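Keep in mind the model is a prediction, meaning the values are calculated, not measured.
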Amino acid sequence: MVTIATWNVENLFRAGVVGGPQTVETYERKLAALAATIDQIAPDVLALQEIGDPAALDDLVARLAPPPGGSWAVVLSAFPDERGIRVAVLSGLPVRASGDVVDLAARLRPVQEDDRGPGATRMGRGALRVQIGAEDQPFHILTCHLKSKLLSYPDGRFAPRNEDERARYAAYALYRRAAEATTVRTEANAVLEGDGQRRRLVVLGDLNDTEQAATTQTLLGPGGSEIGTAGFDVPDQGDAWRLWNLAGLIPEERRYSRVYRGRRELIDHALISHALLGDVAGADSLVEGLPSVTDDPRARRAATGSDHAPVVVQLQDRYPSDPGQGSRP
């Protein structure tokens, strides 16, 4: 069995850094809590979001139980956002290659992100593409952290001056999230190359919206055949490019990864290509103890856990070369 997970660990900075814990004691308690959860999952591959200073990731990795291979390979994005948070991948399987995904997809025009400026031409936080596993049958991991639904305003504000400003900045956030989703989907196309029946791709990350949101749906590729629909068992030409969101396999009572003002939302997702569809043994979200959050992330500086739940996928460790054997279960 191969276990793959994604987790937004919420502002992983060392103590005293802006956005991080205010005391060393709080920081150490957070590291211990994160490490205990990761060791419970025992992932072979773990995508992480909201990694702050690289030293904090080093501190976390040092507290983890070693993978079966003996040590963790760490791939960290070189492109954090203005807060200093970025994505990373930990792998207990051999890492064959990796690269950053930063520039917005070709033909997208600069995206307006505030009341000023000419517009963004890059993702707010770079995505990562990592190739792992056996050389002859690799996994391709693509992880991202799309623009947040929690709005921020000039001068570090988390509340608008008026409702016109709120509406504008909600639009700016949506523009960016849509452009970033398009960029990740374009990168997925480059991995699949029209051969999704053979190429093993897993897209992981904090998409900052639910499975039915337009930005999340953009990542699926050709329409139809979603898990739980009548077309799921019917192969078609879209299988060469399509990605399947595994949200529908998470037990309904745990089908969420964040609680916002008491409302449960699944905004952290795992999507796979056709080549892996027959190997899925299960998916889950570890929601126990998940807190409810508001629009002001500063209220969580004393938190010793994350405001997101890890989403975990288990794959059977068998990878046939015959694409017919990799069909739907």
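Side-chain N/O atoms of Gln49 and Thr6 include a donor and acceptor closer than 3.5 Å. For the 3.5 Å distance criterion, the side chains of Gln112 and Tyr172 qualify, holding a donor opposite an acceptor. In the model, His145 has a side-chain atom that pairs as donor or acceptor with a side-chain atom of Arg125 under 3.5 Å. Side chains of Thr183 and Thr186: a donor-acceptor N/O pair is absent below 3.5 angstrom, by distance only. A donor-acceptor contact closer than 3.5 angstrom links the side chains of Asn11 and Arg83. A donor-acceptor pair shorter than 3.5 Å can be found between the side chains of Asp100 and Ser77. At a cut-off of 3.5 Å, with distance as the only test, a side-chain donor of Arg185 or Asn189 sits close to an acceptor on the other residue.
The cluster map of Ile, Leu, Val, Met, Phe, Trp and Tyr, joined by side-chain heavy atoms under 4.5 Å apart, puts Val259 and Val287 in the same cluster. Cluster annotation: Leu271 is connected to Leu201 through the hydrophobic network of ILVMFWY side chains, with a link wherever side-chain heavy atoms come within less than 4.5 Å. When the side chains of ILVMFWY residues are joined at heavy-atom separations under 4.5 Å, either directly or via intervening members, Val75 and Val61 end up in two distinct hydrophobic clusters. Following chains of ILVMFWY side-chain contacts shorter than 4.5 Å, one cannot reach Val313 starting from Leu207, and the two form parts of different hydrophobic clusters. Hydrophobic clustering, with ILVMFWY side chains joined whenever heavy atoms are under 4.5 angstrom apart, groups Val89 together with Leu204.
Taken to the nearest 0.5 Å, the CE atom of Met123 stands 11.0 Å off from the CG atom of Asp81. Interatomic distance, Ser152 OG to Tyr169 OH, rounded to the nearest 0.5 Å: 8.5 Å. Summarising the geometry, atom OH belonging to Tyr256 is positioned 13.5 Å from atom NE2 belonging to His308; distances are rounded to the nearest 0.5 Å. The CG atom of Asp206 sits 12.0 Å away from the CG atom of Leu48 when rounded to the nearest 0.5 Å. Note that OG of Ser285 and CG of Leu249 are 13.0 Å apart. Values are rounded to the nearest 0.5 Å. Atoms CD1 and CG, from Ile51 and Leu57 in turn, are 5.0 Å apart once rounded to the nearest 0.5 Å.
Nearest heavy atom pair, residue Ala173 against residue Leu151, reads CB-CD2, 3.7 Å. Closest non-hydrogen pair, Pro310 versus Ile41, comes out as CB-CD1, 3.7 Å. Residues Pro251 and Ala283 approach most closely at CD-O, 3.6 Å, considering heavy atoms. Smallest separation of non-hydrogen atoms from Ala181 and Leu219: O-CD2, 3.4 Å. The minimum heavy-atom distance linking Ala275 with Asp279 is given by the pair O-OD2, 4.0 Å.
The number of heavy-atom neighbours closer than 6.0 Å to CD of Glu135, taken from other residues, nucleotides and ligands shown, is 12 or below. Atom CD of Glu193 sits in a crowded spot, with more than 12 heavy atoms from other residues, nucleotides or ligands closer than 6.0 Å. In this structure, Arg107 places its CZ atom where only 12 or fewer heavy-atom neighbours from other residues, nucleotides or ligands lie under 6.0 Å away. Around the CZ atom of Arg300, the shell of radius 6.0 Å holds more than 12 heavy atoms that belong to other residues, nucleotides or ligands.
Remark: side-chain polar atoms of Glu165 are paired, donor with acceptor, to backbone N or O of Arg161 under 3.5 angstrom. When atom types are taken as modelled, the side chain of Glu265 and the backbone of Tyr260 share no donor-acceptor pair closer than 3.5 angstrom. The backbone N or O of Val9 sits less than 3.5 Å from a side-chain atom of Lys30, completing a donor-acceptor pair. Side chain of Thr26 to backbone of Ala302: no donor-acceptor contact under 3.5 angstrom is found. Using a distance-only test at 3.5 Å, with no hydrogens or angles considered, a donor-acceptor pair links the side chain of Thr37 to the main chain of Ala33. Trp72 contributes no side-chain N or O that, together with a main-chain N or O of Leu64, makes up a donor-acceptor pair within less than 3.5 Å. The backbone N or O of Arg129 sits nowhere less than 3.5 Å from a side-chain atom of Ser98 that would complete a donor-acceptor pair. In this structure, Arg301 contributes its side chain and Gly20 its backbone to a donor-acceptor pair below 3.5 Å. Under the 3.5 Å distance criterion, the side-chain polar atoms of Ser273 are matched with a main-chain donor or acceptor of Arg199.
Using a 4.5 Å heavy-atom cutoff, the side chains of Pro222 and Arg242 are in contact. Side-chain atoms of Thr218 and Val184, non-hydrogen and from C-beta on, never get closer than 4.5 Å to each other. When side chains are defined from C-beta on, Leu104 does not count as touching Arg122, because their heavy atoms never get closer than 4.5 Å. A 4.5 Å side-chain heavy-atom check between Val87 and Cys144 finds every atom pair outside the cut-off. Side-chain contact check for Phe139 versus Leu315: some heavy-atom pair is nearer than 4.5 Å. Side-chain contact between Asn245 and Thr216: present, with at least one pair of heavy atoms (C-beta onward) separated by less than 4.5 Å. Contact annotation: the side chain of Leu128 never approaches that of Leu142 to less than 4.5 Å [non-hydrogen atoms, C-beta and beyond]. Inter-residue side-chain proximity for Val130 and Ser91 is flagged as unmet; no heavy-atom pair is nearer than 4.5 Å.
Leu108 pairs in a side chain to side chain contact (heavy atoms under 4.5 Å, CB included) with only one of the listed residues (Thr182, Thr121, Asp103), which is Thr182.
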| request: Walk me through it: do Trp7 and Ile38 pass the test side chain to side chain contact (heavy atoms under 4.5 Å, CB included)? | output: CA-CA 9 Å; Trp7 196 11; Ile38 294 170; 3.7 Å; yes
| request: Verify side chain to side chain donor-acceptor pair (under 3.5 Å) between Tyr153 and Asp114, making sure each step is shown before the conclusion. | output: CA-CA 8 Å; Tyr153 304 90; Asp114 54 31; over 6 Å; no
| field | Steps toward side chain to side chain contact (heavy atoms under 4.5 Å, CB included) verdict (Asp268, Val311) | value | CA-CA 7 Å; Asp268 301 87; Val311 171; 4.0 Å; yes
| request: Could you walk me through whether Asp53 and Leu12 pass the side chain to side chain contact (heavy atoms under 4.5 Å, CB included) test, one step at a time? | output: CA-CA 7 Å; Asp53 45 302; Leu12 185 61; over 6 Å; no
| said: If you apply the rule side chain to side chain contact (heavy atoms under 4.5 Å, CB included), what do you find for Arg63 with Leu31, and how did you get there? | reply: CA-CA 8 Å; Arg63 285 161 175 77; Leu31 286 176; 3.5 Å; yes
| message | Pair Glu163, Arg168 - check salt bridge (Lys or Arg N to Asp or Glu O under 4.0 Å), show working. | response | CA-CA 9 Å; Glu163 290 308 304; Arg168 289 197 310 277; over 6 Å; no
| Residues Trp241, His274; criterion ring pair (Phe, Tyr, Trp, His ring centres under 6.0 Å); working and verdict | CA-CA 8 Å; Trp241 297 97; His274 186 275; over 10 Å; no
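Under a 4.0 Å N-O distance rule, the pair Arg258/Asp307 does not qualify as a salt bridge. Between Glu180 and Arg176 a salt bridge is recorded (basic side-chain N to carboxylate O distance below 4.0 Å). Salt bridge Glu28/Arg14: absent, no basic N to carboxylate O contact under 4.0 Å. Under 4.0 Å is where a charged nitrogen must lie from a carboxylate oxygen, and between Glu50 and Arg86 no such pair does.
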